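Notes follow the structure.
Since the structure is predicted, the reported quantities are computational estimates derived from the model, not experimental observations. Chain A is the first sequence line, chain B the second, and so forth, proteins listed ahead of strands; every chain is numbered from 1.
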Amino acid sequence: MINFNDLKEIIPLIIIAASALISLLIAVYSKKSGMPVYVFSLLAVLAALIFTGLNVTKDVIIISEMLRINPYSNAFCMIALLSVFITFMASKDYLEKLGINFGEYYSILLFALFGMMTMIYANDMLTVFIGLETMSICFYVLTGLLRKRMKSNESAMKYFLLGAFMTGFLLYGMSLIYGATGYTNITKILATYTAIRTPMFLIGLALFMIGFFFKIGIFPFQMWIPDVYEGAPTVVSGMMSTAGKVAAVGTLIPVLITLNLVEYKMLFSILATLTMLYGNIVALSQSNLKRLLAYSSIASAGYIMVGITSMSDLSIKGIAFYLLAYVFMQLGAFIVVSVFENSTPDGKDFRNVTFDEYKGLAKRSPVLAIALTVFLLSLAGIPPFAGFWGKYYIFYAAIKSDLIWLSVIAILLSVISVYYYLKVIVYMWFKEPEGETSGEAVPVKALSYAAIMVSLAGTLLFGLYPDLFFTFFKFLIK
Amino acid sequence: MLELNYFLVLSALLFSIGVVGVLVRRNAMIIFMCIELMLNAINISLVAFSSFLGNDSGQIFVFFVLTVAAAEAAVGLAIVISLFRNKESLDIDKINILKW
């Protein structure tokens, strides 16, 4: 039976789902200009963000125990909403330049957002599956949006085949868990878990986690990330690497924390170490900024995995903060790349993404150079930017739960990461510009400019006042 | 009445055939069909569990898996077509401009 009182608890979900459908209609009736659908979808995401923010302390299980609304899931939803909001702000100029500013883009991105929110709120494996697939299918489409370009096609194909393949494993895991416990409801499964630790259940759980590790990008399921992020439209790569990760982490963590798999701590630590090693070491040899950011996203998945390994309230707090900081800095960096990429005439493939083309950017466009420098320093974890505090809280939680060796490795590897981030900064500030467009300033449209400024403000604000986040989500402090 | 294990072994075998197919075959369409085979193997196990546990949720799950597989097929075929238009080949060994 549907209880209509439940509907008022999921107003943000309804707003996003309805606006995804309405934006399709708006796109049909305003073919000439992309403006109406753009403004509408921005407002819709903003409205959902405000509604979630106002009801952040709610703690209920609704719709036949299918959804669980609590401060924790609300926090992760807000981070995902924020990420999509900033992406929307930057999308219009970028897409117009590439000639793909279709209304469908906004609609598909809203559907992906709906999937992410469903997934984070999910309290049933069925809801997790539907949310995850809604998100993934929309991501496949968004990756292949530039359908005349080989790279975009190729990355969409790779993402689709691997994503669907891993969905198979996730689903098989769900089926085995269902067989072992007799429930699809996550609360009930967790309640029976202490009673049954049958091999069937453990295999199911392992397959379930493999599916999620693939989405987050944990070693050895990280191989798709660089290829997909390089080929996708740049703003979409930024969105996938932030919002997609927030959704997958936000779904997996409550399950893992409740299961409290202490006996597998070693396995988790090894996965975290390998992920950080792979991300940071391979990033050293990159010369394409989009790929560099993709490898840095793998490294970040490793830091998040360190937080997951410590499995404490403190580490949830750390992960939530890190993801918030990550949205600002990673998305900001991708947006700067997208703006710079747009400054050349549209060719057959992505232009202006290698380090050589970043030579002397500081002379051509100081604002872009300063913004990118801040984002990269923040990603490297240098104070006083938000990324530093994110890493600080995660490593602090790891030390508190006796994972000192893991924190030492993580800190050493994030020192290595400073090298490749600084390399880009040196190219921008201390080398002379080259090539035919060397003297010209990089044109920045007002909306992209606003998106960069929001990310910059977030990186600085949460870097200087990290307490702001915790005052807002008081529940996270125990 | 047959035991549950027969159904589980059948589903595990079909799933493995699907996995091996994805890893061995080189044509994108065939790989896609192998993925569908994996999903249907899972459906068999869900229905078997549901029937032996006397619990409906597994069968309801199957409806959603079928729906999602259909949506995935639509998007997947669209991607295959746009790739074929540019490349005129579906051999995944030839899809290799993105590396390292």
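- A 6.0 Å sphere centred on CZ of A/F201 holds more than 12 heavy atoms belonging to other residues, nucleotides or ligands.
- With hydrogens and angles left out, the side-chain atoms of A/K290 and A/T234 include a donor and acceptor closer than 3.5 Å.
- Of all residues in residues 61-68 of chain B, those placing a non-hydrogen atom less than 4.5 angstrom from a non-hydrogen atom of chain A are B/F61, B/F64, B/V65, B/V68.
- Counting heavy-atom pairs closer than 4.5 Å to chain B, the top residue among A/L171, A/T167, A/I130, A/T143 is A/L171.
- By number of non-hydrogen pairs under 4.5 angstrom with chain B, the leading residue of A/G144, A/S155, A/A294, A/G182 is A/G182.
- B/L53 touches chain A through its side chain: at least one heavy atom from C-beta onward sits under 4.5 Å away, while N, CA, C and O do not.
- The aromatic rings of A/F334 and A/Y229 lie perpendicular to each other, with more than 60° between the two planes, well past the 30° mark.
- Looking at A/M200, the atoms closer than 4.5 Å to chain B (heavy atoms on both sides) all sit in the side chain, from C-beta outward.
- With hydrogens and angles disregarded, a donor-acceptor distance shorter than 3.5 Å links the side chain of A/T192 to the backbone of A/K188.
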How far apart are the C-alpha atoms of B/D91 and B/S89, what are their side-chain angles, what is the distance that settles it, and do they pass the side chain to side chain donor-acceptor pair (under 3.5 Å) test?
CA-CA 6 Å; B/D91 189 340; B/S89 156; 5.5 Å; no
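- At a 4.5 Å heavy-atom cutoff, the contact between B/A12 and chain A is made by backbone and side-chain atoms alike.
- Taking 4.0 Å as the cut-off between side-chain N and carboxylate O, A/R291 and A/E230 count as a salt-bridged pair.
- Residues of residues 121-129 of chain A lying within less than 4.5 angstrom of chain B, judged on heavy atoms, are A/M125, A/L126, A/F129 in numerical order.
- Within residues 131-140 of chain A, the residues having any heavy atom under 4.5 Å from a heavy atom of chain B are, by residue number, A/E133, A/I137, A/Y140.
- Around atom CZ of B/R26, more than 12 heavy atoms belonging to other residues, nucleotides or ligands sit under 6.0 Å away.
- Annotation: side chain to side chain donor-acceptor pair (under 3.5 Å) contacts of A/S107 (sequence neighbours excluded): none.
- In this model, a donor atom of one side chain and an acceptor atom of the other lie less than 3.5 Å apart for A/S175 and B/S45.
- Counting heavy atoms from C-beta on, the side chains of A/Y178 and B/S50 come closer than 4.5 Å.
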Test ring pair (Phe, Tyr, Trp, His ring centres under 6.0 Å) applied to A/F169 and B/F15, step by step
CA-CA 9 Å; A/F169 284 98; B/F15 188 82; 5.5 Å; yes
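- Nearest heavy atom pair, residue A/L146 against residue A/S152, reads O-CB, 3.3 Å.
- Between A/F165 and A/F214, a ring centre-to-centre spacing not shorter than 6.0 Å is recorded.
- Between chain A and the options B/N55, B/V75, B/L46, heavy-atom pairs under 4.5 Å are most frequent for B/N55.
- Between B/L13 and B/L10, the closest side-chain pair of non-hydrogen atoms is not below 4.5 Å.
- For B/L83, the parts lying under 4.5 angstrom from a heavy atom of chain A are both the backbone and the side chain.
- Using a 4.5 Å cut-off on side-chain heavy atoms (C-beta onward), A/L293 and A/S241 make no contact.
- Judged by distance alone, the side chains of A/Y159 and A/D227 never bring a donor and an acceptor atom under 3.5 Å apart.
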